[in-house]
Amino acid sequence: EVQLVESGGGLVQPGRSMKLSCAASGFTFNNYDMAWVCQAPKKGLEWVATISYDGSSTYYRDSVKGRFTISRDNAKSTLYLQMDSLRSEDTATYYCARGPGDAWGQGASVTVSS
Amino acid sequence: DVQMTQSPSYLAASPGESVSISCKASKSINTYLAWYQEKPGKTNKLLIYSGSTLQSGTPSRFSGSGSGTDFTLTIRSLEPEDFAVYYCQQHNEYPLTFGSGTKLEIK
């Protein structure tokens, strides 16, 4: 069974950093591009970033470029999202998703507040 | 960026009825359009990709159509489990963009 399990969320102050992880199982992780998608409270889905299957290419939405870094460890079947210089508008649930969007995690909640 | 305009934002229908949701792209995305279902307590589910191809496990009462800029998700003969929020997403180019969602509620 394909599973994606996010961890690392919580409450963080503006300007600080947080790192999310997504542990993948049930499929050959290094065959797939992976993505992070977020959803602010009571809002819709918003794509954040994508990384290619081998980590050689990354793509970001403009609002997180230079602040967020997507990475992966194929040996550990784990996806990461390093979030720096966090802002209140980054408050959201962050989902990891397998490239084609055919598998999603349950999400990790991130609240940026003083 | 490709803007995805989804309508309606809210839809009320009864089990057994058929409904359609529209998604319009601000420029051509060929058929690089996916539809997702969001339900409380469940992970998001890919229903349709490439505009009209049913993802494995998607019931046949769901169908997708369109190409270029205009797309439609149709659900025939609604079942109780279909009441949820639906999103379209274009994956023709980065940044990937979603529609604003359609909440389908029981009338």
Side-chain angles (χ1 to χ4, degrees), chain A residues 1-7 9 22-27 32-53 56-68 70 79 81 92-109, chain B residues 1-11 21-25 29 31-58 62 64 71 73 84-104:
Chain A
E1 179 195 6
V2 173
Q3 273 205 311
L4 298 169
V5 180
E6 301 93 340
S7 60
C22 171
S25 60
F27 66 101
Y32 290 86
D33 294 355
M34 297 294 294
W36 289 98
V37 175
C38 73
Q39 186 170 35
K42 306 255 189 247
K43 299 290 186 184
L45 299 171
E46 197 168 70
W47 170 78
V48 176
T50 293
I51 186 167
S52 61
Y53 68 98
S56 63
S57 298
T58 56
Y59 309 87
Y60 299 91
R61 64 180 299 106
D62 283 348
S63 62
V64 307
K65 275 181 191 171
R67 299 190 301 121
F68 289 12
I70 187 172
L79 177 72
L81 185 67
T93 297
Y94 287 76
Y95 300 96
C96 85
R98 193 164 72 169
D102 60 348
W104 293 63
Q106 291 276 12
S109 178
Chain B
D1 298 3
V2 180
Q3 307 301 318
M4 303 301 293
T5 302
Q6 190 175 336
S7 63
S9 56
Y10 172 83
L11 191 51
I21 299 170
S22 169
C23 189
K24 295 184 186 294
I29 57 169
T31 57
Y32 293 104
L33 191 284
W35 290 97
Y36 297 94
Q37 181 189 64
E38 177 189 84
K39 295 178 75 171
K42 299 204 167 183
T43 60
N44 293 333
K45 183 180 179 183
L46 173 65
L47 297 172
I48 289 169
Y49 61 93
S50 297
S52 60
T53 303
L54 261 61
Q55 171 70 3
S56 174
T58 299
F62 289 86
F71 298 86
L73 172 69
V85 179
Y86 294 87
Y87 293 93
C88 61
Q89 182 207 35
Q90 67 82 19
H91 50 100
N92 184 61
E93 62 180 62
Y94 290 104
L96 307 183
T97 44
F98 288 90
S100 55
T102 296
K103 186 172 186 179
L104 175 58

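Protein chains get the first letters and strands the later ones, always in sequence-line order, with residue 1 at the start of each.
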Check your understanding: Closest approach of A:Gln39 and B:Tyr87, non-hydrogen atoms and distance?
Key ->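 Heavy atoms of A:Gln39 and B:Tyr87 come nearest at NE2-OH, 3.3 Å.
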
Exercise for review: Looking only at non-hydrogen atoms, find the nearest pair between A:Trp47 and B:Phe98 and report the distance.
Suggested key: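 Taking A:Trp47 first and B:Phe98 second, the nearest heavy atoms are N-CE1, 3.7 Å.
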
Revision key, fill the gap. Looking only at A:Gly105, A:Gly101, A:Gly44, A:Gly107, most heavy-atom pairs under 4.5 Å shared with chain B are made by A:Gly101

Review point. Between A:Gln106, A:Lys43, A:Arg61, which has the largest tally of heavy atom pairs under 4.5 Å with chain B?
Key: A:Gln106

Answer yes or no: does atom [atom1] of [X] have more than 12 heavy-atom neighbours from other residues, nucleotides or ligands under 6.0 Å?
X       : atom1 : result
A:Tyr53 : OH    : no
B:Phe62 : CZ    : yes
B:Lys42 : NZ    : no

Check your understanding: What class does the angle between the rings of B:Tyr36 and A:Trp104 fall in, given that below 30° is parallel, 30 to 60° is tilted and above 60° is perpendicular?
Key ->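 Geometry flag for A:Trp104 against B:Tyr36: perpendicular rings.
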
Check your understanding: Do A:Leu45 and B:Asn44 come within less than 4.5 Å of each other through their side chains, counting heavy atoms only?
Key ->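 Contact flag for A:Leu45/B:Asn44 side chains = yes.
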
Point to revise | Non-hydrogen side-chain atoms of B:Tyr49 and A:Asp102 separated by less than 4.5 Å | key: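 Not touching, per the 4.5 Å side-chain cut-off.
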
Review point. Which atoms of A:Val48 come close to chain B, meaning under 4.5 Å heavy atom to heavy atom: side chain ones, backbone ones, both, or neither?
Key: neither

Check your understanding: In Å and rounded to the nearest 0.5 Å, what is the OG1 to CG distance from B:Thr43 to A:Leu4?
Key ->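 Here the rounded value is 8.5 Å.
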
